[in-house]
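The shown structure was predicted, so the numbers you read here are calculated from the model rather than taken from an experiment.
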Amino acid sequence: MSGLQGDAGPATHSSLCFDMDNTFPVLHGVKDLRLETHPIPELRDDQVLIRMSKVGLCGTDISMVYKGRTADLDVTFPTGVGHEASGVVSKCGKDVTHVKPGDRVTIEPGSFCRTCDHCLSGRYNVCDKSSFHASVAMYPGCLARYFVYQGHLTYKLPDSISDEEGAIVEPLAVAVHACRRAGVWAGQSMLVTGAGPIGLLCLVVAKALGATNTLVTDIKESRLELAKKMGADHTLLVGSGTSQSQAKQVHQMMGCEPDVTMECSGSQAGISLAIYATKSRGKVMQVGLSGPEVTVPLVHAGVREVDIMGVFRYLNTYPIAIDLLAKKLVDVNPLITHRFKFEEFQKAFDMFYKGEDGAVKCMISC
């Protein structure tokens, strides 16, 4: 991804190098992942070299590999894969002082200009020059033996957080940002449509913030069983019936219309259910990535003054996510259903893509 390691793309391989190489999968096209070895570029003064530990696979990774795009963003090939990661600092540029070699860390993916109105007003996640607006991947990605990254987007992990938990800080930060933007607070009722990793993380964050009446929907019973394990008060298997009829089921089960709905399925059906189910003057937070265009009952939302809000990645939420994990206010470990060695990356991608064996979060050891 442009800007993530200073010079963008494969051109970094022409830089001055350390006396060692890096091995990582490179995506050359749809379904074309190849394991390659390249020199590690010399660090800039504001960068760190990280020996990767754990990398979690995300729906974005799967969409990149098997579709060549995610939402309305196309992948520029060749590119790397993986952005949910933890590792150990091997070397620091001279301007990096908040971490040192030997520190366990996680990274916040993305880059931003730090000079535009959005960045200067604290909304760096929607910076027009952000690398995430130009592409959806890093080269090389975090799924690698080593990773060179910007120091100011590298966060130290406390000893109380495991390497696997450290790799889940990234999606947890998404959930924290979504819940904060939706204004989730004590005593509220919340509907979550879609019990994938992000939906389940929105659930545990909302519970930590004090939401007292939660319902999670999904089309898979196994996902709903996991939602119950992670604290959902109610679950609803959807897949048949209209969005209006499903909304009535939600109201009956919860005993109310939800104050907030986290739409995490990214499906047209999920978005429609969210609009019909949410209380008048409530909020629908669109967290899941759908296609570039969907048909939704917008007039129904308008006449009931239901606010439909977008959320993009994270915004100053990494420290909060790390703190929630360190103080054991949330438990993300039930999400990890499968573990793989680095050499088994293709097997991990295929299993996650096909949804085999109830795969929710696949974790790869680097």
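- For the pair Val148/Ile40, a side-chain contact is recorded, criterion being any heavy-atom separation below 4.5 Å from C-beta on.
- Residue Ile168 holds its CD1 atom at 7.0 Å from CG of Leu201, rounded to the nearest 0.5 Å.
- Here the closest non-hydrogen pair linking Ala144 and Phe24 is CB-CB, 3.4 Å.
- With values rounded to the nearest 0.5 angstrom, Asn22 atom CG is found 9.0 Å from Arg51 atom CZ.
- Taking all atoms of both residues into account, the shortest heavy-atom contact from Ala232 to Thr214 is CA-OG1, 3.7 Å.
- Exactly one of Leu315, Val311, Ile320, Val205 qualifies for a side chain to side chain contact (heavy atoms under 4.5 Å, CB included) with Arg180. That residue is Ile320.
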- Chi angles and distances behind the side chain to side chain contact (heavy atoms under 4.5 Å, CB included) call for Lys279, Asp259: CA-CA 6 Å; Lys279 71 185 296 184; Asp259 298 302; 3.1 Å; yes
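- Clustering ILVMFWY residues whenever any of their side-chain heavy atoms sit less than 4.5 angstrom apart, transitively, puts Leu226 in a cluster other than the one holding Leu191.
- With side-chain heavy atoms closer than 4.5 Å counting as contact, directly or through intermediates, Leu289 stands alone and belongs to no larger hydrophobic cluster.
- Between Phe342 and Phe345, the angle of the ring planes lies from 30° to 60°, which puts this pair in the tilted group.
- Tracing side-chain contacts under 4.5 Å through hydrophobic residues (I, L, V, M, F, W, Y), one reaches Val332 starting from Leu157; they form part of the same cluster.
- Proximity of a side-chain donor or acceptor of Gln346 to a complementary backbone N or O of Ala348 within less than 3.5 Å is not detected.
- With hydrogens and angles ignored, the 3.5 Å screen pairs a side-chain donor or acceptor of Gln246 with a backbone N or O of Ser240.
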Review item, side-chain donor-acceptor pairs of residues 218-225, under 3.5 Å, at least two apart:
residue: Asp218; atom: OD1; partner: Ala195; partner atom: N; Å: 2.7
residue: Asp218; atom: OD2; partner: Lys220; partner atom: N; Å: 2.9
residue: Arg223; atom: NH2; partner: Ala359; partner atom: O; Å: 3.1

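- At least one side-chain heavy atom of Phe349 sits less than 4.5 Å from a side-chain heavy atom of Ile62.
- Tracing side-chain contacts under 4.5 Å through hydrophobic residues (I, L, V, M, F, W, Y), one reaches Leu329 starting from Val204; they form part of the same cluster.
- The list of ring-ring contact (aromatic ring centres under 6.0 Å, His included) pairs with a residue in residues 163-215, not counting sequence neighbours, is empty.
- Residues Tyr155 and His98 are not in side-chain contact: their nearest non-hydrogen atoms beyond the backbone lie 4.5 Å or more apart.
- Looking only at atom types and distance, the side chain of Lys54 has a donor-acceptor partner in the side chain of Ser365 under 3.5 Å away.
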- Message: Applying side chain to side chain contact (heavy atoms under 4.5 Å, CB included) to Cys142 and Met52, what does each step give before you reach the verdict?
- Response: CA-CA 7 Å; Cys142 289; Met52 303 312 299; 4.2 Å; yes
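- Between the side chains of Tyr66 and Asp350, at least one donor-acceptor pair of N or O atoms lies under 3.5 Å.
- Interatomic distance, CG of Leu203 versus CG of Asp233, reported as 8.0 Å (0.5 Å rounding).
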- Message: Let's go through Leu335 and Met230 carefully: what are the C-alpha distance in whole Å and the side-chain angles of both, what is the deciding distance for side chain to side chain contact (heavy atoms under 4.5 Å, CB included) to 0.1 Å, and is it a yes or a no?
- Response: CA-CA 9 Å; Leu335 288 178; Met230 296 184 73; 3.9 Å; yes
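- Val99 and Asp103 make their closest contact through CA-OD2, 3.4 Å (heavy atoms, listed as atom of the first residue, atom of the second, distance).
- Taking 4.0 Å as the cut-off between side-chain N and carboxylate O, Asp307 and Lys283 do not count as a salt-bridged pair.
- A pairwise comparison of heavy atoms in His300 and Val303 identifies O-CG2, 3.5 Å as the closest pair.
- Using a 3.5 Å distance cut-off with no hydrogens or angles, the side chains of Ser86 and Thr106 do not pair a donor with an acceptor.
- Residues Arg114 and Cys127 are not in side-chain contact: their nearest non-hydrogen atoms beyond the backbone lie 4.5 Å or more apart.
- Tyr314 is listed as a side-chain neighbour of Glu170, based on a closest heavy-atom distance under 4.5 Å.
- Residues Cys58 and Asp61 form a side-chain contact, since some pair of their non-hydrogen atoms from C-beta on lies under 4.5 Å apart.
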- Given the rule in the side chain to side chain contact (heavy atoms under 4.5 Å, CB included) test, do Lys100 and Lys156 qualify, once you have shown the distances and angles that lead to the verdict? CA-CA 9 Å; Lys100 63 183 184 303; Lys156 184 176 179 179; 4.2 Å; yes
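- Lys328 places a side-chain N or O within 3.5 Å of a backbone atom of Ser160 that can act as its donor or acceptor partner.
- To the nearest 0.5 Å, atom CZ of residue Arg69 and atom CG of residue Asp74 are 4.5 Å apart.
- Checked by atom type and distance alone, the side chain of Ser63 never pairs as donor or acceptor with a backbone atom of Gly59 at under 3.5 Å.
- Within the model, atoms CG of Leu273 and CG of Leu236 stand 7.5 Å from one another, a figure rounded to the nearest 0.5 Å.
- Salt bridge Arg281/Glu257: absent, no basic N to carboxylate O contact under 4.0 Å.
- One finds no salt bridge joining Arg145 and Glu36 here, because no Lys/Arg side-chain nitrogen approaches an Asp/Glu carboxylate oxygen to under 4.0 Å.
- Looking only at side-chain heavy atoms (C-beta outward), Leu215 and Pro258 stay at 4.5 Å or farther from each other.
- Between Phe112 and Cys119, the shortest heavy-atom distance links the atoms CB-SG, 3.9 Å.
- Hydrophobic clustering (side-chain heavy atoms under 4.5 Å, transitive across Ile, Leu, Val, Met, Phe, Trp, Tyr) groups Val184 together with Leu172.
- With rounding to the nearest 0.5 Å, the separation of CD1 in Ile107 from OH in Tyr149 is 4.5 Å.
- In this structure, Val260 is not a member of the same hydrophobic cluster as Val296, with clusters built from ILVMFWY side-chain heavy atoms closer than 4.5 Å.
- Contact check for Leu43 versus Lys91: side-chain heavy atoms found under the 4.5 Å cut-off.
- A donor-acceptor pair under 3.5 Å is formed between the side chain of Gln268 and the backbone N or O of Thr295.
- Scanning all heavy atoms of the two residues, the minimum distance from Leu143 to Cys366 falls at CD1-SG, 4.0 Å.
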